[in-house]
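As structure tokens, the structure follows; a few thoughts come after it.
As a basis for the values below, the full set of heavy atoms in this structure was taken, side chains included, without hydrogen atoms, waters or symmetry mates. Just so you know, residue 1 is the first one in the sequence shown, and it goes up from there. Indexing begins at 1, ligand by ligand and atom by atom, following the structure's order.
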Amino acid sequence: MSGTYVSPRVPPGPAGTQSLRAMRDAPLEFVTAMAAHGDVTRHDADGEPVYMLNRPDLARYVLKENGANYTKDRTPDDDMLRPLLGNGLLTSNGAEWAAQRRRCAPAFRPAEVDRFDQVIVAAAEHLAAQWRGAASVRVDHDLTSLTLTVIVKAMLGTDIGGAGEGFGRAVDAVNRFIGHYVPSDDPDPADTAARYLGFQRARTFLDQVTHLIIAARRAGGAGDDLLSALLAEGHPRPETAPGAGPGTETDAPPGTCPVTGPGGMADVELRDQVLTIVMAGHETTAKSLTWTLYLLDRHPEAAAAVRAEIDEVLGGRAPAAADLPALRRCRQAVQEAMRLYPPVWLISRRSVAADVIDGYDIPAGSLVCVSPWVLHRDPRYWDDPAAYRPDRFDPEAAARHLSHQYLPFGGGPRICLGRHFALVEATLVLAVLLRDLRMELVPEFPVEPEALVTLRPRHGLMMVPRPR
Ligand code: HEM
């Protein structure tokens with residue numbers, strides 16, 4: 001009826017504006033408490049309403065079925081990542097994102113990714129040798145170095161020489177800044193300023209190295225790496241340069257790549273894409289492995305099953321991609337660790353047009369979030385959710401999971417492009433480490449999750465590597 005005011009159907013949630021500090025100090029408790037209000041909830045944060053979706057079919061709706069109505073533009077992730085990554089796969093939207101995804105996807109097909117098995121195994125063997133005989137090791141740090149080495153080698157080839165170490169240090173500085181990103185209300189502005197300076201220096205360094213590598217690769221021909229695969233993806237350059245981040249300026253005429261001429265991926269896009277993949281492709285995998293080693297130490301039966309499988313399949317030798325199907329328990333140990341401790345614990349979107357979700361009105365421009373942490377621990381979908389039971393991922397059991405009940409890699413068309421890479425890497429690294437070592441938590445070492453950009457152990461993870 002025209003002229004009749006229909007009051008909006010507002011989802012349940014706590015009254016009043018939530019304290020930013022409470023949300024930041026204990027974000028996991030906060031999202032868990034929100035879910036107790038209902039399947040769709042609303043709270044106010046930073047002066048705007050936030051909608052949380054706490055049911056698999058609702059996650060599927062926003063990420064997949066009506067994904068076109070939900071953008072990453074102006075989400076908290078976007079604000080944090082865009083200054084470094086420009087307009088690469090993680091941050092772009094709409095037609096530009098779809099074109100980028102089409103160009104990058106071939107390089108991430110399983111057959112392509114499996115070619116990096118020896119890069120992964122070599123890095124794992126190196127770490128196992130380093131850990132052997134050590135009194136105790138900082139597992140989370142060492143695994144982050146390992147996954148960074150692997151992604152840089154896989155992405156850029158092995159010939160970056162001395163720049164490799166500097167690259168690692170710069171990525172580290174950027175991670176430190178991003179990892180502690182607090183948009184406002186920062187407890188220590190001086191500390192933030194110092195880290196921001198480090199971030200700017202690191203970003204400039206990464207820009208220069210990435211551009212140098214791209215130029216060298218264009219001049220010297222293809223290598224056997226992801227960058228070469230991206231370079232091979234010829235396409236007409238878009239009218240406007242896609243990179244919105246640093247180094248986006250170009251005076252080449254539209255449709256012409258300044259280096260390759262009228263075909264091939266533009267340097268600006270390549271730079272954004274290379275950094276996106278390096279940044280998206282290491283910290284998360286390192287965290288999944290860190291939590292797996294911790295959980296296996298706490299669950300001796302699951303650990304024994306993993307070790308028995310490794311002995312049977314490898315008999316002491318190094319693994320390769322061909323062993324992956326047989327290393328089922330290793331993979332499941334990682335999958336179950338990512339259920340309990342999903343490295344990406346919150347996925348956010350912004351609605352483009354107004355929508356109705358489960359009967360509630362979602363105004364245009366609203367922040368809408370899905371938390372893998374919440375969905376992965378919901379007793380309606382998981383039997384004894386707190387228990388670490390890798391056999392939940394036995395093929396018959398996994399076939400009974402609902403769509404989007406388990407979403408460590410997100411869902412829908414924007415599902416993680418590197419998910420096969422991540423699982424291959426985590427499985428092979430776990431197989432090498434546990435072939436040689438029994439990892440034990442340092443007695444009394446405190447372990448609790450901290451939800452920053454990724455879900456990490458708040459105090460790191462110190463373990464004692466014992467020979468098997
Ligand atoms: C255990 C390891 C990993 C986890 C848990 C993970 C998780 C995720 C999640 C949840 C998303 C979707 C975010 C959203 O929808 O807002 C995503 C996207 C993405 N991930 Fe991963 N990731 C992992 C490893 C990797 C690796 C190894 C690579 C690359 C080698 C990678 C590259 C990407 C890219 C490029 C995207 C953006 C895809 C797009 O928007 O089209 N990730 N990842």
Close N or O approach ([X], ligand 1; < 3.5 Å):
| X | answer |
| --- | --- |
| I277 | no |
| R101 | yes |
| R349 | yes |

Which ligand 1 atoms does [X] reach within 4.0 Å, using its non-hydrogen atoms?
| X | result |
| --- | --- |
| I151 | 30 (C) |
| A422 | 1 (C), 2 (C), 24 (C) |
| P408 | 5 (C), 7 (C), 10 (C) |
| F108 | 29 (C), 30 (C) |
| V344 | 7 (C), 10 (C) |
| M338 | 1 (C) |
| W97 | 39 (C), 40 (O), 41 (O) |
| I347 | 14 (C), 15 (O), 16 (O) |

Is it the case that [X] and [Y] place a side-chain donor and acceptor less than 3.5 Å from each other?
| X | Y | value |
| --- | --- | --- |
| T71 | N93 | yes |
| H459 | E448 | yes |
| R82 | N87 | yes |
| E336 | Q332 | no |
| D358 | Y61 | no |
| D378 | N54 | no |
| T454 | W345 | no |

- Taking the six-membered ring for Trp, are H401 and Y406 parallel (under 30°), tilted (30 to 60°) or perpendicular (over 60°)?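 The rings of H401 and Y406 sit tilted, inter-plane angle from 30° to 60°.
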- Going by the angle between their ring planes, with limits at 30° and 60°, are Y341 and W291 parallel, tilted or perpendicular?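 The rings of Y341 and W291 lie parallel, inter-plane angle below 30°.
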- T91 side chain to G86 main-chain N or O, any donor-acceptor pair under 3.5 Å?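 Here the side-chain-to-backbone pair exists.
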- Is it true that a side-chain atom of E450 and a backbone atom of P457 form a donor plus acceptor pair closer than 3.5 Å?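 No, because the side chain of E450 does not come within donor-acceptor range (under 3.5 Å) of the backbone of P457.
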- Measure from NZ or CZ of R377 to the centre of the six-membered ring of W382 and say whether it is under 6.0 Å with the direction within 45° of the ring axis.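 Judged by the rule (NZ or CZ under 6.0 Å from the ring centre, within 45° of its axis), R377 is not positioned above W382.
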- Hey, would you say the H43 and Y51 ring centroids sit under 6.0 Å apart?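 Centroid separation for H43 and Y51: 6.0 Å or greater.
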- Message: So for R419, does at least one of its heavy atoms come nearer than 4.0 angstrom to any atom of ligand 1?
- Response: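 No; R419 lies far enough from ligand 1 that no heavy-atom distance drops under 4.0 Å.
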- Message: If we only consider heavy atoms of Q100, is any one of them less than 4.0 Å away from an atom in ligand 1?
- Response: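 No heavy atom of Q100 comes that close to ligand 1.
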Please report which non-hydrogen protein atom sits nearest to [atom], along with the residue it belongs to and the distance in Å to one decimal place.
| atom | result |
| --- | --- |
| atom 6 (C) of ligand 1 | F409 CD2, 3.7 Å |
| atom 40 (O) of ligand 1 | R414 NE, 2.9 Å |
| atom 26 (C) of ligand 1 | G281 CA, 3.4 Å |
| atom 19 (C) of ligand 1 | C416 CA, 3.7 Å |
| atom 13 (C) of ligand 1 | K72 NZ, 4.0 Å |
| atom 36 (C) of ligand 1 | L90 CD2, 3.7 Å |

- Proximity to ligand 1 by part of T284, non-hydrogen separation under 4.0 Å: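 Both backbone and side chain.
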- Query: Heavy atom under 4.0 Å from ligand 1: found in T285's side chain, backbone, both, or neither?
  - Reply: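 Contact part for T285 vs ligand 1: both backbone and side chain.
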- Query: Nearest non-hydrogen atom to atom 25 (C) of ligand 1 belongs to which of A280, A154, A105?
  - Reply: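 Selected option, by shortest heavy-atom distance: A280.
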